[in-house]
Protein chains: 2
Amino acid sequence: MHQNIRQMLELTYSEENYLKAIFHLSEEGKKSVSTNDISAEMKTRPASVSDMLRKLGEKEVIEYRKYYGVHITEEGKKLALQTIRKHRLWEVFLVEKLNFSWDEVHEVADELEHIKSKILIQRLDEYLGFPKFDPHGDPIPDEYGDVRSRPRLPLSELEINATGQIVAVKDSSAAFLRYLDKVGAYIGARIKVMDKVEFDGSIEILVDNKKSIFMSKEVVNNILIMQ
Amino acid sequence: MHQNIRQMLELTYSEENYLKAIFHLSEEGKKSVSTNDISAEMKTRPASVSDMLRKLGEKEVIEYRKYYGVHITEEGKKLALQTIRKHRLWEVFLVEKLNFSWDEVHEVADELEHIKSKILIQRLDEYLGFPKFDPHGDPIPDEYGDVRSRPRLPLSELEINATGQIVAVKDSSAAFLRYLDKVGAYIGARIKVMDKVEFDGSIEILVDNKKSIFMSKEVVNNILIMQ
DNA sequence: TACATACATTAGGTATGACTAAAATATGAT
DNA sequence: ATCATATTTTAGTCATACCTAATGTATGTA
């Protein structure tokens with residue numbers, strides 16, 4: 001079932017980063033991912049992206065048709081999910097064990113995710129108690145790349161008086177996460193929608209049945225809820 | 001006192017590895033370290049070493065006189081000790097928290113030691129309880145590069161009936177460490193010399209006042225004792 | 001349909017870090 | 001003091017991963 005018959009192919013540090021970016025961009029509903037999109041995401045020039053796409057195409061982790069963008073292959077998805085698994089496990093470690101705040105973990109996890117040892121990740125997973133979600137509420141793929149994601153919807157779609165629990169954030173930039181910390185919102189917080197302002201899309205919510213906070217449309221769109 | 005006035009210079013992954021190797025080779029009492037020594041240690045060709053020495057010389061972490069080997073500078077020592085600090089802290093983590101055996105940690109720590117985040121290492125250190133020695137008994141430099149090493153001598157120099165405690169091993173190859181595990185020797189074990197065989201240099205020791213084991217000259221030379 | 005413009009690729013260059021082969025230097029033995 | 005040998009360095013190559021500048025392709029608008 002889950003065994004790899006052929007040798008898992010090795011990607012360089014850089015190839016791994018590109019593949020992860022392509023995977024994330026693919027997730028956003030787009031059929032194919034453009035060179036410019038990847039260039040923006042990776043902060044490299046489009047010419048560099050073209051180079052890399054050729055290489056990733058040859059390794060068959062993406063399907064690459066010149067001038068028409070790329071599709072990630074099944075093999076590519078598997079590899080990207082392994083990297084994402086490592087990244088999110090390290091994030092859990094940094095927050096749970098080393099007391100990093102959730103806006104500090106990205107950069108460090110971006111380095112740690114490239115450590116190759118398989119046994120390291122297995123034991124880290126075990127040590128952390130096989131967590132299913134990272135500190136931002138994103139699901140952690142298992143060692144076969146399977147993801148159990150929770151059904152979730154943007155906070156903006158909740159009606160007045162509806163309740164739910166914050167399970168994830170879309171934008172996990174340090175600035176946004178620091179804002180959430182400041183107002184007292186966190187992954188797992190139980191919330192209730194008290195009021196919705198049609199005019200500007202802002203809402204008022206009650207956190208953990210005690211604290212009332214106002215959130216702008218921009219913030220509301222970036223918070224995901226499980227009901 | 002310990003503040004760095006000028007910007008700490010950045011070394012690449014590879015430069016860091018060479019510098020660490022040069023530091024270790026310097027420790028072995030030699031005045032200067034030869035290109036061939038480094039080549040053997042790093043498993044690269046002498047020509048590649050010459051290239052690297054030029055670069056490290058330009059960055060002033062070593063003093064490089066063509067054809068006469070290299071000396072590590074004070075700046076170089078500082079940087080090497082930072083890498084060694086990271087390596088040994090990660091080894092403690094792997095053994096204490098993730099249940100790695102002490103012969104499995106080297107490779108993984110060799111990757112982890114290059115993660116750059118300073119705050120990561122500070123918090124890891126704290127999380128581990130500011131350990132002073134790694135699982136092989138080697139001292140962990142503090143964040144200023146200071147090392148508190150214990151006075152220690154080779155097991156071979158103990159007289160009959162002398163007692164001591166195993167504090168470190170010289171050779172930390174996986175094969176040697178597995179052998180020690182098998183016979184029940186470990187860092188911290190209290191030992192007593194029961195007999196010394198002049199003929200072949202082997203000895204008989206009592207471990208923790210209960211288990212008697214025989215060790216060949218080769219093994220005895222690789223074990224360090226604190227009395 | 002033609003073409004301007006946005007987008008993507010190729011060509012050629014740079015730095016790192018490895019290699020082989022050839023040349024230069026040091027050193028020990030006679 | 002000379003010379004053979006061992007050691008080290010230089011010269012030239014290759015692969016990765018980036019860059020700029022030039023060129024090629026697709027697409028929507030007139």
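Just so it is clear: chains get the letters A, B, ... in the order the sequence lines come, proteins before strands, and each one is counted from 1. For the numbers below, each heavy atom of this structure counts, side chains included, while hydrogens, waters and symmetry mates do not.
Residue B:Asn36 places at least one side-chain N or O closer than 4.0 Å to OP1 or OP2 of D:dT8. Within the structure, every side-chain polar atom (N or O) of B:Ser48 is placed at least 4.0 Å from both OP1 and OP2 of C:dG17. Taking side-chain N and O atoms only, A:Ser14 has a distance below 4.0 Å to OP1 or OP2 of D:dC18. In this model, the phosphate group of D:dC18 is approached by a side-chain N or O of A:Tyr18 to a distance below 4.0 Å at OP1 or OP2. Between C:dT20 and B:Arg45, a contact under 4.0 Å exists linking OP1 or OP2 to a side-chain N or O. At C:dT9, one or more side-chain N or O atoms of A:Thr35 fall inside 4.0 Å of OP1 or OP2 (strictly under the cut-off). Applying the 4.0 Å criterion to OP1 and OP2 of D:dT10, one finds that B:Lys66 has a side-chain N or O inside that range.
Straight-line distance from the OH atom of B:Tyr64 to the C1' atom of D:dT10: 10 Å, rounded to whole Å. Counting to the nearest Å, the P atom of C:dA24 and the OH atom of B:Tyr68 are 17 Å from each other. D:dG12 atom P lies 14 Å from atom CG of B:Asp51, rounded to whole Å. For the pair B:Asp37 CG and D:dA6 P, the computed distance is 17 Å after rounding to whole Å. The distance between atom OH of A:Tyr13 and atom P of D:dC18, rounded to the nearest whole Å, is 11 Å. Atom pair B:Arg54:CZ and D:dT9:C1' shows a separation of 11 Å (rounding to whole Å applied). To the nearest angstrom, C1' of D:dT9 lies 15 Å from NZ of B:Lys55. When rounded to the nearest whole Å, the span between CE of B:Met52 and C1' of C:dA18 equals 9 Å.
The side-chain heavy atoms of B:Glu96 and B:Pro135, taken from C-beta on, include no pair separated by under 4.5 Å.
Taking the ring axis of B:Tyr127 as reference, the NZ or CZ atom of B:Lys97 stays within 45° of it and closer than 6.0 Å to the ring centre.
Using a 4.0 Å heavy-atom distance criterion, B:Thr12 is classed as a sugar-phosphate-only contact.
With A:Arg85 as reference, A:Asp125 is the one residue of A:Asp142, A:Asp125, A:Asp134 to meet the side-chain hydrogen bond (donor to acceptor under 3.5 Å, both in side chains) rule.
In this structure, A:Phe93 and A:Trp90 have perpendicular ring planes: the angle between them is above 60°, well past the 30° mark.
For A:His24 and A:Glu41, the side-chain atoms include no donor-acceptor pair closer than 3.5 Å.
When the nearest nucleotides of DNA chain C are assigned to A:Ser50 and B:Lys43 by heavy-atom distance, the more 5′-ward of the two goes with A:Ser50.
Considering only the side chain of B:Ala47, C:dT20 comes nearest among C:dT20, C:dT25, C:dT9.
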